[in-house]
**Q** 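Quick one: the structure is below, and I'll ask about it shortly.
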Amino acid sequence: MTSLPSILGGLDPTSDRAVFRQIADQLREAIDRGRFKEGEKLPSEAELVEHYGVSRMTVRNSFSILQGEGLVHAEHGKGVFVRPRPPVRRLASDRFARRHREQGKSAFIVEADAAGSHPKVDSLEVKEEKASQDVSTRLGSVRRVLARRRRYLLDGRPVEFATSYLPLDIARGTQIAEPNPGPGGIYARLEELGHQLDHFEEEIRARMPSPAEVKTLQLASGVPVIHLIRTAFDTAGRAVEVCDTIMAADAYVLSYQLPAT
């Protein structure tokens, strides 16, 4: 490792900014400039104590700030490491292209292939249930729906958890109600049933995760989630699916192409 004085500066004794925040600022800048690479271990507590002439608690407080920002993660007994950048680029204008379904690929498989990662789906649950008020409204006042819940993993790491809700008059008794909906996923089956997809509407917000979401996605401290609700419409204008998705924010880059007119 390059010597710390050449990477990190010294403390400013005239600044009214707390010492542990000054240290966090310098570590953050070094990460942003690439002086510490993705997956690389940061200097140890002992090394930073010696470099800055501060206590271990001060250094730990600095690390806590960076962990809270999602820049680093701690591994017990090993140290603090720079968190890898999001591996998946979610290209909104391409992920639901019909050509992918015709090739037997779901949107998640397409994104995993682009990232060079191995996709997997687990925690699958398919059942009929009463629609929530929000889902009912989005699907045109239906009372009951077929719900498909699943967790997505890339290279063994959980990255999102999604639930699709479909009207029973469309999904009941079809392959959509089976654990494996077949090549191309449920969108391919919807089109086979005569519901050719016309467009999608998405609502996106970022927030901190609930305890259940932290557990399901195995999120590190300070990592937020992206909450996305998508509604699929067929060419007749009917809403045929609502998908409620929770994504680990450190696993995705959301990419959009917007018209200029």
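For this chain, numbers begin at 1 and follow the sequence in order. Only heavy atoms go into these numbers, but all of them, side chains included; no hydrogens, no water, no symmetry mates.
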**Q** Can you tell me how far the OH atom of Tyr252 sits from the CG atom of Leu154, to the nearest 0.5 Å?
**A**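 The distance works out to 5.5 Å.
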
**Q** Closest heavy-atom contact between Leu217 and Ala248?
**A**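 Shortest heavy-atom separation between Leu217 and Ala248 comes out as CD1-N, 4.0 Å.
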
**Q** Kindly give the heavy-atom pair with the smallest separation between Ala24 and Leu66, and that separation in Å.
**A**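 Distance-wise, the nearest heavy atoms are O-CD2, 3.8 Å.
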
**Q** Does Ser141 reach the main-chain N or O of Thr137 with its side chain, forming a donor-acceptor pair under 3.5 Å?
**A**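 Checked: no pair found.
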
**Q** Is there a side-chain contact (heavy atoms from CB on, under 4.5 Å) between Leu228 and Arg230? Walk through the geometry before answering.
**A** CA-CA 6 Å; Leu228 184 150; Arg230 179 180 64 254; 3.8 Å; yes

**Q** Would you call Phe81 and Glu75 a side-chain contact if the rule is heavy atoms closer than 4.5 Å?
**A**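 They are in contact (side-chain heavy atoms under 4.5 Å apart), so the answer is yes.
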
**Q** Are Val242 and Ile186 connected, step by step, through hydrophobic side chains (Ile, Leu, Val, Met, Phe, Trp, Tyr) whose heavy atoms are closer than 4.5 Å?
**A**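 They do not share one cluster, since no chain of ILVMFWY contacts under 4.5 Å joins Val242 to Ile186.
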
**Q** Counting distance only, does the side-chain N/O of Ser62 pair as donor-acceptor with the main-chain N or O of Ile23 below 3.5 Å?
**A**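 No.
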
**Q** Between Glu241 and Ser164, do the side chains contain an N or O donor and an N or O acceptor separated by less than 3.5 Å?
**A**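 Looking only at side-chain atoms, Ser164 and Glu241 do form a donor-acceptor pair, the distance falling under 3.5 Å.
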
**Q** Looking just at side-chain N and O atoms, do Asp134 and Ser132 make a donor-acceptor pair shorter than 3.5 Å?
**A**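 There is no such pair (donor and acceptor under 3.5 Å, judged by atom type) between the side chains of Asp134 and Ser132.
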
**Q** Compute the centroid of each ring, for Tyr187 and then for Phe200, and state whether the two points are separated by less than 6.0 Å.
**A**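 For Tyr187 and Phe200, the ring centres are under 6.0 Å apart.
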
**Q** For a side-chain contact (heavy atoms from CB on, under 4.5 Å) check, start with the C-alpha distance between Arg207 and Ile246, then their side-chain angles and the critical distance, and finish with the verdict.
**A** CA-CA 10 Å; Arg207 58 172 172 79; Ile246 303 295; 3.3 Å; yes

**Q** Please tell me whether Val142 and Leu190 are part of a single hydrophobic cluster in this structure, the criterion being side-chain heavy atoms less than 4.5 Å apart.
**A**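 Different hydrophobic clusters.
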
**Q** Hey, does the side chain of Glu129 reach the backbone of Ala147 with a donor-acceptor pair shorter than 3.5 angstrom?
**A**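 Between the backbone of Ala147 and the side chain of Glu129 there is no qualifying donor-acceptor contact (under 3.5 Å).
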
**Q** Are Arg151 and Glu160 close enough for a salt bridge, meaning some N to O gap below 4.0 Å?
**A**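 So Arg151 does not pair with Glu160 through a salt bridge.
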
**Q** Does the Asp155 side chain pair with the main chain of His118, one donor and one acceptor, at a distance under 3.5 Å?
**A**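 Looks like yes, one N/O pair under 3.5 Å.
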
**Q** Of all heavy-atom pairs between Val145 and Leu168, which one has the smallest distance, and what is that distance?
**A**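 Heavy atoms of Val145 and Leu168 come nearest at C-CD2, 3.6 Å.
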
**Q** Check Asp169 with Arg143, please: is the shortest side-chain N to carboxylate O separation under 4.0 Å?
**A**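 Salt bridge between Arg143 and Asp169, a charged N being under 4.0 Å from a carboxylate O: no.
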
**Q** When you compare the side chain of His227 with that of Asp244, does any pair of heavy atoms fall below 4.5 Å?
**A**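 Yes; the side chains approach each other to less than 4.5 Å.
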
**Q** Please determine whether side-chain contact (heavy atoms from CB on, under 4.5 Å) holds for the pair Ile176 and Leu193, giving the CA-CA distance in whole Å, both sets of side-chain angles, and the decisive distance to 0.1 Å.
**A** CA-CA 10 Å; Ile176 295 173; Leu193 292 169; 4.0 Å; yes

**Q** Is the backbone of Cys243 close enough, under 3.5 Å, to the side chain of Arg148 for a donor and an acceptor to pair up by distance?
**A**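 No; judged by distance alone, with no hydrogens or angles, the pair does not exist.
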
**Q** So, Arg150 and Thr163: side-chain donor and acceptor under 3.5 Å apart, yes or no?
**A**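 Note: Arg150 and Thr163 side chains miss the donor-acceptor criterion.
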
**Q** Measure the spacing between NE2 of His51 and CD1 of Ile7 and express it to the nearest 0.5 Å.
**A**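 Reported to 0.5 Å precision, the distance equals 9.5 Å.
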
**Q** Taking the side chain from Glu213 and the backbone from Ser210, do they hold a donor-acceptor pair closer than 3.5 Å?
**A**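 Between the backbone of Ser210 and the side chain of Glu213 there is a qualifying donor-acceptor contact (under 3.5 Å).
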
**Q** Hey, quick one: are Val223 and Leu254 part of the same hydrophobic cluster, counting side-chain heavy atoms closer than 4.5 Å, chains of contacts allowed?
**A**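 Hydrophobic grouping puts Val223 apart from Leu254.
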
**Q** I'd like to know if Glu203 and Arg138 make a salt bridge, using a cut-off of under 4.0 Å between side-chain N and carboxylate O.
**A**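 Counted as a salt bridge, because a side-chain N and a carboxylate O are separated by less than 4.0 Å.
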
**Q** So which atom in Val240 and which in Leu139 form the shortest heavy-atom distance, rounded to 0.1 Å?
**A**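 Heavy-atom minimum between the residues: C-CD2, 4.1 Å.
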
**Q** Once rounded to the nearest 0.5 Å, what's the spacing between atom CG of Asp25 and atom CG of Leu8?
**A**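 Going from the CG atom of Asp25 to the CG atom of Leu8 covers 11.5 Å.
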
**Q** Please answer: with hydrophobic residues joined when any side-chain heavy atoms are less than 4.5 Å apart, are Val214 and Tyr152 in the same cluster?
**A**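 Unlinked, Val214 and Tyr152 end up in two clusters.
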
**Q** Which atoms form the tightest heavy-atom contact between Leu48 and Leu4, and what is the distance?
**A**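 Answer, listing the atom of Leu48 first, then Leu4: CD2-CD1, 4.3 Å.
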
**Q** Quick one: pull up CG in Leu42 and CZ in Phe36 and give me the separation to the nearest 0.5 Å.
**A**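 Between Leu42 CG and Phe36 CZ, I get 5.5 Å after rounding to 0.5 Å.
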
**Q** Tell me if a side-chain donor or acceptor on Glu192 pairs with a main-chain N or O of Arg189 at a distance below 3.5 Å.
**A**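 Between the backbone of Arg189 and the side chain of Glu192 there is no qualifying donor-acceptor contact (under 3.5 Å).
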
**Q** Rounded to the nearest 0.5 Å, what separates atom CD in Gln67 from atom CG in Leu71?
**A**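 Going from the CD atom of Gln67 to the CG atom of Leu71 covers 10.5 Å.
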
**Q** Could you tell me whether Arg17 and Asp12 make a salt bridge, using a distance below 4.0 angstrom between a side-chain N and a carboxylate O?
**A**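 No, Arg17 and Asp12 are not salt-bridged.
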
**Q** Report yes or no: do Tyr52 and Gln26 form a side-chain donor-acceptor pair below 3.5 Å?
**A**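 Result is yes, a qualifying pair exists.
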
**Q** Leu197 and Glu191: which non-hydrogen atoms are nearest, and at how many Å?
**A**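 Smallest heavy-atom distance, with atoms named: N-OE2, 2.9 Å.
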
**Q** To the nearest 0.5 Å, tell me how far Ile65 CD1 sits from Arg60 CZ.
**A**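 The CD1 atom of Ile65 sits 15.5 Å away from the CZ atom of Arg60.
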
**Q** Check this for me: does any side-chain nitrogen of one of Arg157 and Asp250 sit under 4.0 Å from a carboxylate oxygen of the other?
**A**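 Here Arg157 pairs with Asp250 in a salt bridge, since their nearest N and O are under 4.0 Å apart.
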
**Q** With the threshold set at 4.0 Å, does a side-chain nitrogen-carboxylate oxygen contact exist between Glu128 and Arg172?
**A**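 Yes, charged N to carboxylate O under 4.0 Å.
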
